[in-house]
Amino acid sequence: MSHKDLDMKSRCVHAGIEPEPKGAVVPPIYQTSTFSFKSAAHGAALFQGKEKGYIYTRLGNPTIEAMERAVADLEGGYDGMACSSGMAAIHTVLATFLHAGDHVVSSESVYGPVTSLLNTVMARLGIETTFVDSSNTAAVAAAIRPETKLIHVETPGNPTLVVTDLAAVAALAHKAGARLMVDNTFLSPVLQQPLALGADIVIHSLTKFINGHADVVGGIIVPKTEADYKAIRATLSLVGSTLGPHDAFLVHRGLKTLCLRMARSCENALKIAEWLDAHPAVEWVRYPYLASDPQHELSRRQAKGGGGVVSFGLNGGFKAGVKMMESVELFALAVSLGGVESLIQHPASMTHANMKPELREQAGISDGLVRISVGIEDADELIADLERGL
Ligand SMILES: *Cc1c(COP(=O)(O)O)cnc(C)c1O
């Protein structure tokens, strides 16, 4: 039976699992750094790629491979490559395909450290990046140059939740001979499959929804083609930012409930977004599936749900944001997202406190902006908690 024919709910449970010699239902944890060869000739055959097998965990490990197969199955990609973090996944792709003199176009609403990675480590290597509002397809087209090799999109974007038309941007990338890489962390393959919309590479911070339990930091790269897989795997084996077997086991365990968790997070997030939208202390709410969201139609066309992240602006600005952080009890004051527990953060006083107010404003991060990651608790109890802070 091919998993590809099954519904996502079944695939989340069964993806990546292969018959195990001793009959274990769950893939065992191969907590080993190295694997012994049956003979010198066997070792030689493995190194030459003439025989399939395991050599050393940085190059491959059965526990890690099971999880990689599972995520690749859900994304519809050739295969997956697990990394030590989401940032490691992004860096490994950049290091594979970019040379000095190349140019990158990136969404301006991306995970903060991605902006820094492009502006520091990559810029030092002679790779230039233009940041654009990728929800405006014309702005992406205008930013492309003859030397553009990669377009990096995060949708919905962080923390503004603007949505990029993936099919349109994929067409632009391919016309320019560039690859489209999509950070699918916010929605997961359960809600959005960028490869089917034309993207070439999907990356995830496994730390968020895919693992879902806030107990692992990890990343994954899923390319569409075998050629890209081989090129990226070669880089990953050398730069060595791979995941450990025990973390891979935990992520694979978390993945089995991804559909269930996502469904509850989406249901809760929409209910909270609608409640916030009607609240007098709230200036604006951004949630892709909210009927009043300016990109609601594109979101419905491109994704099967709005995800678990909601951003909103408080009328009372900075002070109101701080008061909210001090009042909530059920929401934990923490960065990150995509776990079973709900988190809240106020960028102006927390993550972006060191940024000049003008620059914050320019990046769409107003003083009253609050971002929540909605977990799987009871929606009414989460609403009561937010009410305390308003
Ligand atoms: C967290 C996050 C990352 C980085 O992932 P790490 O696992 O923390 O390295 C990248 N992109 C998005 C959208 C994220 O939320």
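One-based numbering, in listed order, for ligands and for the atoms of each. Worth knowing before you read on, the calculation uses all heavy atoms, side chains too, and leaves out hydrogens, waters and symmetry mates.
- The hydrophobic cluster around F318 extends to V322, counting ILVMFWY residues whose side-chain heavy atoms fall within less than 4.5 Å of a member.
- Using modelled atom types, one finds no donor on one side chain facing an acceptor on the other under 3.5 Å when comparing R301 with Q295.
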Throw together a table of side-chain donor-acceptor distances under 3.5 angstrom for residues 372-381, partners on residues two or more places apart or in other chains.
from : atom 1 : to   : atom 2 : distance (Å)
S373 : OG     : G338 : N      : 3.0
E377 : OE1    : S342 : OG     : 2.8
E377 : OE2    : S342 : N      : 2.8
D378 : OD2    : D380 : N      : 3.2
D378 : OD2    : E381 : N      : 3.1
D380 : OD1    : K271 : NZ     : 3.0

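- Ring-plane geometry between F249 and H246 is classed as parallel, the angle between the planes falling under 30 degrees on a 0 to 90 degree scale with a further cut at 60.
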N/O pairs closer than 3.5 Å, ligand 1 and protein:
from     : atom 1 : to   : atom 2 : distance (Å)
ligand 1 : 5 (O)  : S205 : OG     : 3.0
ligand 1 : 7 (O)  : G86  : N      : 2.9
ligand 1 : 7 (O)  : S205 : OG     : 2.8
ligand 1 : 7 (O)  : T207 : OG1    : 2.7
ligand 1 : 9 (O)  : G86  : N      : 3.0
ligand 1 : 9 (O)  : M87  : N      : 2.9
ligand 1 : 11 (N) : D183 : OD2    : 2.6
ligand 1 : 15 (O) : K208 : NZ     : 2.7

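- Looking at S205, its side chain never comes within 3.5 Å of a backbone N or O of G86 through a donor-acceptor pair.
- Other members of a hydrophobic cluster containing L238 are absent, since no ILVMFWY side chain comes under 4.5 Å of it, directly or through relayed contacts.
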